[in-house]
Enquirer: 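Attaching a single structure in structure tokens format; questions to follow.
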Amino acid sequence: MEQVQTKNHTENEQRLEDIRAMMHSGHKSIRLELHSLVYWGLTGGLLIALLPFIFEQFTDYWVNITIFISTTFLALTAVAIIDYRKTQNIRHRQEQSVSFVQKQITRIWWMLIATGLLLSYGMVFFGGGYMEISMWVFIVGLGLVIHGLFSPQPLNRFGIIMMTLAVLSVFAFPYNFTRWLGASLFAVGMPLIGYLLYKQSGFLKGAGISQLLIWMICVSVPAYAAFTTENALNTLRSAPPVQDSVMLAQYLKSTDQRGTQIVSIPAGSSIPFKMSIAGNDITDVSEYSIPIKLEKSIDVVVKDGKMTGMHRVQGESWQSLRSSQIFKINALQVDLNRQDGLQAIMKLQVLLGKGNND
Amino acid sequence: MTESQDGVFMALDPVLHQPVRTRIVAFLSARGEATFSEFKQALQLTDGNLEAHMKKLTQVNYVSVRKEAAGKRPLTFYALSEQGEKAFATYVQALNNLLKMEM
């Protein structure tokens with residue numbers, strides 16, 4: 001009797017050991033094909049090596065940007081499709097399947113390439129500093145999607161929402177709102193996902209649109225509340241005095257600049273844009289200025305002879321300079337031609353007020 | 001028969017409690033999908049033997065079959081069905097419980 005029991009015990013142990021071994025063997029099914037390394041490597045190398053030569057053919061900044069975006073997008077998408085098909089064909093020829101883990105790893109690879117592309121495009125349009133928070137939200141969202149690819153928990157849906165919000169924030173939201181949205185997504189959104197997964201698992205069953213919508217509301221309402229509160233506090237702190245504004249010419253003539261005043265600069269005014277340039281091998285000959293014309297009138301708040309940063313573009317509300325200004329350098333190049341000789345060209349774009357989607 | 005964690009007795013699934021079929025299902029559980037050739041290579045079985053076990057597993061709906069055109073002849077892919085996944089999880093739990101009881 002005891003002998004039979006011992007035999008059963010050994011058999012069952014052996015059975016579990018077999019299961020572990022077979023699962024291990026099933027997991028070890030990832031294989032990066034030779035052609036994948038060749039295709040992706042060659043494409044990346046050629047893009048980095050050749051794009052500068054293509055850019056040299058065109059002097060216009062926007063033409064170069066269009067070439068950059070279309071070339072990288074088309075080339076990498078084409079490689080992804082060709083690589084995927086070739087891998088499938090090879091596996092079929094060898095009578096092999098593409099394992100679950102291999103499929104998910106391929107998806108992760110595509111998402112990483114897409115992340116790289118989005119960051120490159122964003123850098124071109126907005127610069128790194130402006131995208132910092134959006135980039136972090138995107139990367140954490142990507143992390144959730146990657147977890148979701150291997151998990152029965154509906155993490156990938158939350159990840160996709162975070163990635164979408166990150167992209168949207170760069171194009172459509174003011175920076176200060178993005179900051180609060182990022183804070184809320186991390187501090188409210190992620191613990192809330194945890195709570196829903198482990199304490200209210202019934203709520204997330206299926207994780208349909210309504211559940212995701214409720215989660216988004218829970219995340220965006222605090223962000224929006226913090227954003228509007230901060231704006232209101234800033235406005236209150238630098239609130240313009242309740243008094244009539246003085247015209248710029250009148251203000252400049254006045255000898256007493258104490259206290260707080262609103263200075264009105266009428267539309268059509270010419271403002272000198274002073275520039276000073278220095279570098280390791282260059283220096284400007286003299287300080288010079290470019291006259292720029294105001295398309296709309298602007299009221300600015302001046303306290304004891306210094307601007308506070310609060311301003312109001314014609315037809316808009318008061319806002320702080322920090323929350324609204326965007327500077328974009330749309331072109332920076334050196335040109336030598338018979339007509340103008342050697343010249344450096346820079347095109348700077350300044351967006352104030354609603355031009356900044358505020 | 002074995003006792004589950006909540007005290008309910010569970011029988012070891014007779015379809016899965018067979019060494020080759022246990023290994024087939026464990027392999028599929030980790031891999032997601034596999035072809036006939038891959039099974040043959042992983043389990044070192046003859047065509048006839050493997051075919052018999054696959055037939056048994058598909059008959060009880062533990063394994064689903066998908067055919068895809070690949071060159072001259074279609075390629076057959078096997079995957080664990082939802083029912084198969086549940087049965088396998090229950091079987092592993094039952095084996096573990098049995099081992100604990102025997103110790």
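Naming: A, B, ... by sequence-line order, numbering from 1 per chain. Because the structure is a prediction, the values reported are computed rather than measured.
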Enquirer: Check each atom of B:Phe36 against the heavy atoms of chain A and say whether the ones under 4.5 Å are side chain, backbone, both or neither.
Expert: neither

Enquirer: Among B:Pro19, B:Ala42, B:Ala30, who wins on heavy-atom pairs under 4.5 Å with chain A?
Expert: B:Ala30

Enquirer: Anything under 3.5 Å between a donor and an acceptor, one on a side chain of residues 105-114 of chain A, the other on a protein residue two or more places apart or in another chain? List them.
Expert:
from	atom 1	to	atom 2	distance (Å)
A:Thr106	OG1	A:Gln102	O	2.8
A:Arg107	NH1	A:Gln104	OE1	2.5

Enquirer: Using heavy-atom distances under 4.5 Å, tell me whether B:Phe27 contacts chain A through its side chain, its backbone, both, or neither.
Expert: both

Enquirer: Under 3.5 Å, is there a donor on one side chain and an acceptor on the other for A:His92 and A:Ser97?
Expert: no

Enquirer: Under the rule for side-chain hydrogen bond (donor to acceptor under 3.5 Å, both in side chains), what residues qualify as partners of A:His147, not counting sequence neighbours?
Expert: none

Enquirer: Is the shortest distance from a Lys or Arg side-chain nitrogen in A:Glu13 or A:Arg15 to a carboxylate oxygen in the other one below 4.0 Å?
Expert: no

Enquirer: Pick one of side chain, backbone, both or neither for B:Tyr91, based on which atoms fall under 4.5 Å of a heavy atom in chain A.
Expert: side chain

